[in-house]
Amino acid sequence: MINLIAYMSAFPESIVDGVPKDIVTKNNKIMRTVPAITDILTTGESTWLICPHFRRGYYKRLASDYFVNKKDQIIFVHETMVKGTAKTIIDV
């Protein structure tokens, strides 16, 4: 965490407000933010009263019948910032 704060102080031009729009991975796959989440982040409207906090990543087993093609698979849910101001470091 100290290294991140030092990097942000040293290179403030690399920091942009908000959640990244599209991320291209090393194998050329595009990861996008769900529009409903983007709308909540931009309008600030939410039905829950949640204090800002960091949610760490975790593994999840898709056990519901809702997941027809991925039922019983284990996926990784990435870490995220909940109800806080997101900052993105861009590679310049």
Side-chain angles (χ1 to χ4, degrees):
M1 189 64 144
I2 301 282
N3 290 337
L4 177 61
I5 294 170
Y7 184 89
M8 290 172 68
S9 298
F11 302 103
E13 68 278 359
S14 298
I15 310 299
V16 294
D17 286 334
V19 178
K21 301 297 180 210
D22 293 328
I23 299 173
V24 179
T25 62
K26 291 181 182 177
N27 55 358
N28 291 328
K29 295 196 178 194
I30 298 175
M31 298 186 329
R32 293 194 167 104
T33 306
V34 177
I37 293 174
T38 306
D39 293 342
I40 290 171
L41 291 174
T42 56
T43 61
E45 296 177 12
S46 179
T47 57
W48 301 310
L49 293 174
I50 301 175
C51 296
H53 65 280
F54 180 77
R55 182 176 295 151
R56 65 185 181 139
Y58 59 94
Y59 288 95
K60 177 179 183 177
R61 182 175 161 262
L62 303 176
S64 173
D65 290 332
Y66 176 80
F67 304 105
V68 177
N69 296 328
K70 293 192 175 250
K71 185 171 167 100
D72 294 326
Q73 287 187 7
I74 297 174
I75 63 167
F76 182 73
V77 179
H78 288 279
E79 64 276 349
T80 186
M81 184 69 186
V82 178
K83 293 292 282 182
T85 303
K87 301 280 186 189
T88 301
I89 298 176
I90 55 174
D91 190 13
V92 290

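These numbers were taken from a predicted model, which means no experiment stands behind them.
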Could I get the full list of salt bridge (charged side-chain N to carboxylate O under 4.0 Å, His left out) partners for Lys60, not counting sequence neighbours? none

Residues at least two apart in sequence or cross-chain that pass side chain to side chain contact (heavy atoms under 4.5 Å, CB included) with Tyr66, listed by chain then number, are Ser64

Distance-only donor-acceptor hits, side chain of residues 67-74, under 3.5 Å, sequence neighbours excluded:
unit_1, atom_1, unit_2, atom_2, d
Lys71, NZ, Ala63, O, 3.0
Lys71, NZ, Asp65, OD1, 2.7
Asp72, OD1, Arg61, NH2, 2.7

Please enumerate all residues that pass ring-ring contact (aromatic ring centres under 6.0 Å, His included) together with Tyr59, with sequence neighbours excluded. Phe76

Salt bridge (Lys or Arg N to Asp or Glu O under 4.0 Å) partners of residues 73-82, not counting sequence neighbours, each pair once: none

